[in-house]
Protein chains: 4
Amino acid sequence: MSPRSPEQNQAQREETRQRILMTALKAFAEKGYAATSISYIAKEAGISKGLTYHYFNSKEDLLHGIFHCLNSFSGEAIALLKNKSPQEQLRLTVEMTFDYIQKNPDLMRFMTSLALQPDAMVTLKEDIKMHKQQTIDVYTKLFSTLNYPAPEAEAYYLGAMLDGVALGSLALQEDYPLAAIKEKILNHYQL
Amino acid sequence: MSPRSPEQNQAQREETRQRILMTALKAFAEKGYAATSISYIAKEAGISKGLTYHYFNSKEDLLHGIFHCLNSFSGEAIALLKNKSPQEQLRLTVEMTFDYIQKNPDLMRFMTSLALQPDAMVTLKEDIKMHKQQTIDVYTKLFSTLNYPAPEAEAYYLGAMLDGVALGSLALQEDYPLAAIKEKILNHYQL
Amino acid sequence: MSPRSPEQNQAQREETRQRILMTALKAFAEKGYAATSISYIAKEAGISKGLTYHYFNSKEDLLHGIFHCLNSFSGEAIALLKNKSPQEQLRLTVEMTFDYIQKNPDLMRFMTSLALQPDAMVTLKEDIKMHKQQTIDVYTKLFSTLNYPAPEAEAYYLGAMLDGVALGSLALQEDYPLAAIKEKILNHYQL
Amino acid sequence: MSPRSPEQNQAQREETRQRILMTALKAFAEKGYAATSISYIAKEAGISKGLTYHYFNSKEDLLHGIFHCLNSFSGEAIALLKNKSPQEQLRLTVEMTFDYIQKNPDLMRFMTSLALQPDAMVTLKEDIKMHKQQTIDVYTKLFSTLNYPAPEAEAYYLGAMLDGVALGSLALQEDYPLAAIKEKILNHYQL
DNA sequence: AATGAATGAGGGTTCATTCAT
DNA sequence: CATGAATGAACCCTCATTCAT
């Protein structure tokens with residue numbers, strides 16, 4: 001009766017899960033978490049509402065799923081830095097962030113907003129904390145390799161800078177002088 | 001003609017309006033705009049749901065009200081800078097921001113989150129833009145007086161920094177090394 | 001302490017009452033009874049909401065007031081027929097109705113809709129019945145004078161005709177051939 | 001793929017839709033459109049309020065649904081006239097209308113009241129216009145076949161008559177001499 | 001006689017979630 | 001695994017009505 005092998009099943013499962021995740025990410029990014037309904041996500045993903053609940057227990061669970069997905073994306077970004085000189089790594093980090101801000105403002109807004117989730121969503125808060133910490137760790141190692149005197153403070157400094165630019169850019173949009181700021185940051189680190 | 005004198009009326013009106021505004025501010029800050037219901041605000045303010053609509057045409061109008069209220073607060077903050085030396089003004093700006101982040105994290109979160117509202121709320125976006133621009137203008141003038149070579153870029157740079165610190169601090173909470181970053185910023189500007 | 005004489009008071013009372021009534025009539029006619037709020041009426045009449053309740057116990061009471069007012073208007077219309085020949089009276093009745101349909105469609109709609117009020121408003125139903133009956137009586141007497149064989153049936157016939165024209169005209173608006181129908185009716189009665 | 005077969009689903013959907021439609025029709029007819037709440041309709045239909053919105057996008061949409069439903073009824077009525085002589089068709093039209101007035105006064109009231117909705121409901125107005133026009137067209141053709149000199153005017157005349165009788169009967173209820181008027185109309189057309 | 005702040009019930013509508021199939 | 005009809009709670013908002021002054 002079962003025409004599909006367990007592996008095929010598993011693959012299909014994973015694919016559907018990913019499709020839901022990506023659809024939700026797009027929707028959340030464009031319209032905001034609260035303004036996006038499960039109905040809408042299901043329709044966009046081409047599946048039924050009920051099926052969504054086979055893959056995710058709740059809307060909040062879906063949010064968690066997206067977060068982890070995003071997390072793995074940023075892992076990929078970090079992977080791109082491999083086998084580069086520390087200088088180059090630093091430069092690329094800044095470049096990639098500015099690129100992202102410019103090209104995916106919706107996604108950027110969504111990710112930034114995650115940090116401001118109300119206190120209710122405790123587990124998500126933990127995840128976000130961990131992620132932020134990881135980013136800081138990467139930066140810290142970088143500044144350490146580059147022999148900066150206070151690498152951790154420097155890491156937080158850079159992190160804050162990039163977050164702040166994202167926030168300002170989202171608020172002022174085209175009026176925000178992204179290029180000038182980028183220049184200034186690169187100069188600051190003599191890149 | 002009026003049995004309750006116009007002044008009494010006016011006073012009562014203003015007081016109730018302020019109570020709603022403050023209650024809403026607290027609620028929005030703690031739970032987020034979308035997650036806060038008018039019902040909740042009314043209950044917290046000790047008034048009926050309907051009365052809220054006597055003072056504000058809609059939930060979004062209430063948000064605008066809060067924003068303008070906050071705006072006037074920040075006007076007061078700027079006023080504090082008067083009659084100080086430029087150096088002192090710069091130092092105070094940084095100090096006050098860090099103070100705010102530490103003492104009113106909820107409020108800070110609310111203000112930061114305003115920039116992340118979905119695009120739907122166009123008028124709010126305009127208000128936020130104007131406010132951000134004003135802040136940048138103040139900073140620019142400051143850096144101009146201090147003979148910085150690119151005062152405007154410097155202004156955006158400082159603005160981004162402070163916003164980024166707020167964001168990071170809200171995400172990492174007690175784990176965020178506010179003091180160290182503050183030190184670093186003050187050093188950067190030789191304050 | 002009382003600067004106004006009782007008569008002046010009385011006069012003012014009556015005037016205010018009339019203003020409310022006329023304002024409500026206009027609003028009900030234009031927007032419909034359900035869609036018109038007491039607030040709106042009060043504002044249009046230039047008085048406070050509370051005062052409205054000094055003159056009318058409820059919104060429904062206001063509707064009754066309007067009905068009686070309208071009733072007296074139609075009394076005036078009937079008065080115009082005095083000292084005219086029966087033929088002329090009949091002709092004028094038809095002419096005046098068509099005139100009204102054309103010039104005051106909103107009011108016509110309101111009056112017509114009164115006849116269809118839900119069963120809830122029993123007292124109004126009674127009033128309407130009485131008014132319809134009066135109209136029929138006037139017509140009956142007319143046809144009686146004109147020696148029609150079945151004056152009462154003829155009266156109902158004419159009444160239905162005029163009501164039906166009003167209804168059709170309200171539905172089809174400019175597309176309704178008011179002139180042609182009027183011609184036909186006048187011909188029917190050889191006027 | 002679907003566990004409930006599509007046909008089952010379709011059938012269930014149609015049945016529920018019809019139940020809502022019929023319940024709403026009854027309620028609108030008895031209490032009027034504005035005075036009927038979706039809550040009430042849902043309760044009467046034995047379903048949840050939310051489900052109503054699964055089938056109709058809004059209260060106004062529900063009204064449209066009813067209108068179209070009624071429209072198809074009147075189509076059936078017209079179908080009954082087929083294969084009858086013109087005289088007979090005319091007679092049947094009058095008979096059926098009087099029958100309807102007597103047996104379904106609520107429904108009649110609802111249909112009549114449609115023409116009196118405030119101008120806000122533009123799309124409905126269009127539908128009503130079309131329906132009225134169709135009725136007139138049928139009458140016109142009839143009178144044309146019967147060689148009346150001005151068939152269209154005659155059609156409007158008959159339409160107005162029947163509408164007016166409905167209105168009068170709804171207002172005066174048992175006091176309205178339906179039989180006498182019917183006689184008079186049939187006589188008028190020598191039926 | 002007059003005001004308008006305040007109430008509270010209810011309206012239309014949305015949506016996360018469940019469940020029979 | 002998959003569907004979508006159904007639920008019910010909550011949401012934003014309106015408004016007739018009351019009442020202290």
Side-chain angles (χ1 to χ4, degrees), chain A residues 2 4 9 12-13 16 34-43 47-62, chain B residues 1-6 8-10 12-13 15-17 34-40 42 47-60 62, chain C residues 2 4 9 12-13 16 34-43 47-62, chain D residues 1-6 8-10 12-13 15-17 34-42 46-60 62:
Chain A
S2 174
R4 264 170 298 187
N9 244 325
Q12 157 123 15
R13 238 193 106 74
T16 305
T36 302
S37 71
I38 295 283
S39 263
Y40 177 80
I41 294 171
K43 199 182 296 170
I47 61 167
S48 74
K49 221 185 324 182
L51 193 53
T52 311
Y53 282 88
H54 258 280
Y55 290 94
F56 301 93
N57 291 322
S58 67
K59 197 183 175 186
E60 194 178 331
D61 194 30
L62 192 43
Chain B
M1 277 292 182
S2 181
R4 219 186 272 109
S5 77
Q8 275 178 308
N9 246 327
Q10 183 59 30
Q12 165 140 3
R13 242 195 107 74
E15 195 211 304
T16 305
R17 206 188 119 92
T36 303
S37 73
I38 296 282
S39 266
Y40 177 83
I47 60 168
S48 71
K49 215 186 339 180
L51 190 54
T52 311
Y53 288 90
H54 213 65
Y55 290 92
F56 301 94
N57 291 322
S58 65
K59 196 184 174 186
E60 193 175 334
L62 185 47
Chain C
S2 173
R4 263 171 298 190
N9 246 325
Q12 157 124 13
R13 240 194 104 75
T16 305
T36 302
S37 71
I38 295 284
S39 264
Y40 177 82
I41 294 171
K43 199 182 297 168
I47 61 167
S48 73
K49 223 186 320 183
L51 192 53
T52 311
Y53 282 88
H54 258 280
Y55 290 93
F56 301 93
N57 292 322
S58 66
K59 197 182 173 186
E60 194 177 331
D61 194 30
L62 191 44
Chain D
M1 276 294 181
S2 182
R4 221 186 270 111
S5 77
Q8 275 179 306
N9 246 327
Q10 184 59 29
Q12 165 138 5
R13 242 194 106 74
E15 195 211 305
T16 306
R17 207 189 118 91
T36 303
S37 72
I38 296 284
S39 268
Y40 177 82
I41 294 171
I47 60 169
S48 71
K49 212 182 347 174
L51 191 55
T52 311
Y53 286 89
H54 214 65
Y55 290 92
F56 301 93
N57 291 324
S58 65
K59 197 184 173 185
E60 194 176 334
L62 185 47

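In this text, all values refer to a predicted model and were calculated from it rather than measured experimentally. Proteins come first, then strands; the chains are lettered A, B, ... in the order of their sequence lines, and each starts at number 1.
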Exercise. So D:Ile47 and D:Ile41, side chain to side chain contact (heavy atoms under 4.5 Å, CB included) or not? Walk me through it.
Worked result: CA-CA 9 Å; D:Ile47 60 169; D:Ile41 294 171; over 6 Å; no
Under the side chain to side chain contact (heavy atoms under 4.5 Å, CB included) criterion, do A:Leu51 and A:Tyr55 qualify, and how do the steps go? CA-CA 7 Å; A:Leu51 193 53; A:Tyr55 290 94; 3.7 Å; yes
Check step by step if side chain to side chain contact (heavy atoms under 4.5 Å, CB included) holds for A:Ile38 and A:Phe56. CA-CA 11 Å; A:Ile38 295 283; A:Phe56 301 93; over 6 Å; no
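Closest to the side chain of D:Thr16, out of F:dA6, F:dA2, F:dC11, is F:dA6. When the nucleotides E:dA2, F:dA5, F:dT3 are ranked by their closest atom to the side chain of C:Tyr55, E:dA2 comes out on top. For B:Leu51, taking side-chain heavy atoms from C-beta onward, the closest of the listed nucleotides E:dA5, F:dC13, F:dT7 is E:dA5. Of the listed nucleotides (E:dT18, F:dT14, E:dA5), E:dT18 has the atom at the smallest distance from the side chain of A:Tyr53. Nearest to the side chain of C:Ser48, among E:dA6, E:dA16, E:dT3, sits E:dT3.
Within the nucleic acid shown, A:Thr36 comes within 4.0 Å of sugar-phosphate atoms alone, with no base atom in reach, counting heavy atoms only.
Panel note: side chain C:Lys49, backbone C:Lys43; no donor-acceptor pair is recorded below 3.5 Å.
Across all strands shown, F:dA9 forms a Watson-Crick or G-U wobble pair with E:dT14, both key distances being under 3.5 Å. Of all nucleotides present, only F:dT3 satisfies the Watson-Crick or G-U wobble test against E:dA20, with each distance under 3.5 Å.
Straight-line distance from the CZ atom of A:Phe56 to the P atom of E:dC15: 20 Å, rounded to whole Å. If you measure from atom NZ of D:Lys59 to atom P of F:dC13, you get 19 Å, rounded to the nearest angstrom. Residue A:Ile41 contributes atom CD1, which lies 11 Å from atom P of E:dT17 at whole-angstrom precision. Atom CG in C:Asp61 sits about 16 Å away from atom C1' in F:dT18, given to the nearest Å.
With values rounded to the nearest 0.5 angstrom, B:Gln12 atom CD is found 14.5 Å from B:Arg17 atom CZ.
Remark on DNA chain E: of its neighbouring residues B:Arg13 and D:Tyr40, the 5'-side contact belongs to B:Arg13, judged by nearest-heavy-atom nucleotide. The 5' end of DNA chain F is approached more closely, in terms of each residue's nearest nucleotide, by D:Gly46 than by the other of C:Ser58 and D:Gly46. Summary of the strand contacts: A:Asn57 and D:Ile38 both lie near DNA chain E, and taking for each the nucleotide with the nearest heavy atom, the more 5' one is attributed to D:Ile38.
With hydrogens and angles ignored, a donor-acceptor pair closer than 3.5 Å exists between the side chain of A:Lys49 and the base of E:dT17.
D:Gln12 has a side-chain polar atom (N or O) that falls below the 4.0 Å cut-off from OP1 or OP2 of F:dA6. Contact annotation: D:Ser37 does not reach the phosphate of E:dG10 (side-chain N/O to OP1 or OP2, under 4.0 Å). Distances shorter than 4.0 Å separate some side-chain N or O of D:His54 from OP1 or OP2 on F:dA5.
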